[in-house]
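This report concerns only the one structure given below.
Residue numbers begin at 1 in each chain, while the letters A, B, ... track the order of the sequences. What you see is a predicted model; the values in this text were computed from it and never measured.
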Protein chains: 2
Amino acid sequence: MCLQYLRFCAFLEAPNAAIETDHRLTLTSRSASSKPAPSKPATSPRRGVSCFECPLRLRGAFKQKSEDEIALINTLKIDHRRIASGTDIIHGGQEDAELFTLFSGWALRYKSLEDGRRQILNFILPGDLIGLQAALLAAAEYTVEALTDVEVCVFSRRHVWMIFEKAPQLAYDISWLGARDEGFLDDNLTSVGQRTARERIAALVLGLYRRADNLGLVQNKTFLFPLTRQHIADALGLSLVHTIKTWSTLRKAGLFEFKSGQLTLLNPRLTEATAKFYDRERPLRPIL
Amino acid sequence: MCLQYLRFCAFLEAPNAAIETDHRLTLTSRSASSKPAPSKPATSPRRGVSCFECPLRLRGAFKQKSEDEIALINTLKIDHRRIASGTDIIHGGQEDAELFTLFSGWALRYKSLEDGRRQILNFILPGDLIGLQAALLAAAEYTVEALTDVEVCVFSRRHVWMIFEKAPQLAYDISWLGARDEGFLDDNLTSVGQRTARERIAALVLGLYRRADNLGLVQNKTFLFPLTRQHIADALGLSLVHTIKTWSTLRKAGLFEFKSGQLTLLNPRLTEATAKFYDRERPLRPIL
DNA sequence: CGCTATGTTGAGAAGAGTCAACGCGAGTGG
DNA sequence: CCACTCGCGTTGACTCTTCTCAACATAGCG
């Protein structure tokens, strides 16, 4: 791996690495002129957070990486951006979307029909990859939106092929994360296709709880839950009104409690039973 | 690429390639004793079809590959199997599922809830990869079943890591196909979540028509359509009865015709309009 | 202060589910 | 050969989940 790392660095930093240089320029100028200027001052210094000091990767959920691997990832990380809640990270049809890792906050990925109906495909939590599909295929076929204020680590889509060529372990990790995402999609499709409204809501809550817990975001059965009812409705293929009614039925039944943006899973057992949820144990996952 | 190929072959065929040798043994014995013996005589000679003579890859839908690349793929192909309709190709929970390419016929991938409800996640047509997710993650979280009699090309899951390590172009292609699959899943989820029954059925028919057409399987607006109403219901999250009623409404409205397993798309325009379908152009895709 | 986004509740409509009866063709065994 | 079953498709009648429309409450914000 050390060898690989050196090879890669040599490649990246060679003075004649014209493509790379070009690309950095492109990227900087784009981010400066990107359409809706983030409402907060974009005080993100280039590579604001070094991968060596990444607090995320210390969490129990992630596979340990060697110094060399982290060094390589750190080299590939071209930016660290803050994005205000509600802003698009990738928009449908975009052909130059970069590859991101969500560093903090929540995001969501959705797709719309022409008449405005929209389907939220999945929710994105810290450590998840954003835009792999968009980076591999020619254009993004979906939109990714920041659900809260978020921070993302940016990797150039132009490096993706290089990663495959020079850093197979990393390429493998990326594909692994892609496969994991596809697993979530499978779950969501099964939910929307087969479960009733109560089951869907219980399954969604439980699924997000488990993911948050895995990341150490749950304390005292409670975690930050930034979704509105509309988000839930859009994710589950239900109408807003029916979502609200079913949600409050479940709340009254004692499954969970929700106030001021915090969700508490009062009765995990009952929630599991309601959701017809069965969980697989997933092994430690790679990051970045 | 030639260099890569040589390196790979050297690796595969080195006399001290203990793992590899082991693996072939394992594989042979497993396939001999695999649980439900295929109802048809398993007359598949090892590597029945050479990748050099692969009729599939001649189809217009696929990216051209160099001789070297084909040679490499041919080396990796460890078997060519016939599987009878209704048989599982990969079953949920399986930990040693190989990676396959569907050579001929149709297959489907599904997931069940404990109480028997099942969701068909997607349909698999010739040239599609089977089991990437299962090969990357520890165990398959879904079942893949042959919808018709099928033939598959078999690649060892044990080679997957080697592919990443030694044949980045191939690894990239595999990931590309994974991303494409995820795109189909996105579409299905959007359908099931947002479209009405008529829209869903029209979208499904149209989607399959396009995919079949792309493979050259459509003649005279007509193609082999092996799904039963139950399959359609399970894929679209509808009840059998409602599926049948809606299907026959659409048939009577002149969208399509269906007899003796052949579907004819009589009115593509109307079908598109009914489906609220919008199609992206996808570039040529890799195969194997 | 009114604006907007979000949440809540009720009432009626409609889409989709369930149950049940029946037709039809393919296979199968007597 | 027939009678039989079995899988699949079809249709009608009824039920119920979910949707839509609408009125109203609440909270944050310029």
*For F223(A), what residues pass the ring-ring contact (aromatic ring centres under 6.0 Å, His included) criterion, not counting sequence neighbours?*
Y209(A), F225(A)
*What pairs with L270(A) under side chain to side chain contact (heavy atoms under 4.5 Å, CB included), at least two apart in sequence or on another chain?*
L255(A), N267(A), T274(A)
Let me check something: any side-chain donor-acceptor pairs from residues 117-127 of chain B under 3.5 Å, sequence neighbours excluded? List them with distances.
| residue | atom | partner | partner atom | Å |
| --- | --- | --- | --- | --- |
| R117(B) | NE | D115(B) | OD1 | 3.3 |
| R117(B) | NE | D115(B) | OD2 | 3.0 |
| R117(B) | NH1 | Q194(A) | O | 2.7 |
| R117(B) | NH1 | E199(A) | OE1 | 2.8 |
| R117(B) | NH2 | E199(A) | OE1 | 3.3 |
| R117(B) | NH2 | E199(A) | OE2 | 3.1 |
| R117(B) | NH2 | D115(B) | OD2 | 2.8 |
| R118(B) | NE | D234(B) | OD2 | 3.0 |
| Q119(B) | OE1 | Q194(A) | NE2 | 2.8 |
| Q119(B) | NE2 | D234(B) | O | 3.4 |
| Q119(B) | NE2 | A235(B) | O | 2.9 |
| N122(B) | OD1 | R109(B) | NE | 3.2 |

*salt bridge (charged side-chain N to carboxylate O under 4.0 Å, His left out) with E272(B): which residues, sequence neighbours excluded?*
R210(B)
*Name all residues meeting the side chain to side chain contact (heavy atoms under 4.5 Å, CB included) criterion together with T228(B); count only those two or more places apart in sequence or in a different chain, and write none if there are none.*
Q230(B), H231(B)
*How would you label the contact of R117(B) with the nucleic acid (heavy atoms, under 4.0 Å): base, sugar-phosphate, or nothing?*
nothing
*Within residues 234-248 of chain A: residues closer than 4.0 Å to DNA chain D (heavy atoms)*: G237(A), L238(A), S239(A), V241(A), H242(A)
*Would you list the pairs meeting side-chain hydrogen bond (donor to acceptor under 3.5 Å, both in side chains) in which at least one residue belongs to residues 235-261 of chain B, sequence neighbours left out?*
none
_Straight-line distance of D181(B) CG to E182(A) CD, nearest 0.5 Å_ = 5.5 Å
*A61(A): what forms a side chain to side chain contact (heavy atoms under 4.5 Å, CB included) with it, not counting sequence neighbours?*
N214(A)
*Going 5' to 3' along DNA chain C, which nucleotides are the first and last within contact of chain A (any atom under 4.0 Å from a heavy atom)?*
dG7(C) to dA11(C)
*Non-neighbouring partners of S191(A) that pass side chain to side chain donor-acceptor pair (under 3.5 Å), sequence neighbours left out*: R195(A)
*Would you grab the first and last nucleotide of DNA chain D (5' to 3') that comes under 4.0 Å of any non-hydrogen atom in chain B?*
dG9(D) to dA13(D)
*asked:* Using the side chain to side chain contact (heavy atoms under 4.5 Å, CB included) criterion, which residues pair with A179(B)? Sequence neighbours excluded.
replied: Q133(A), L136(A), L137(A)
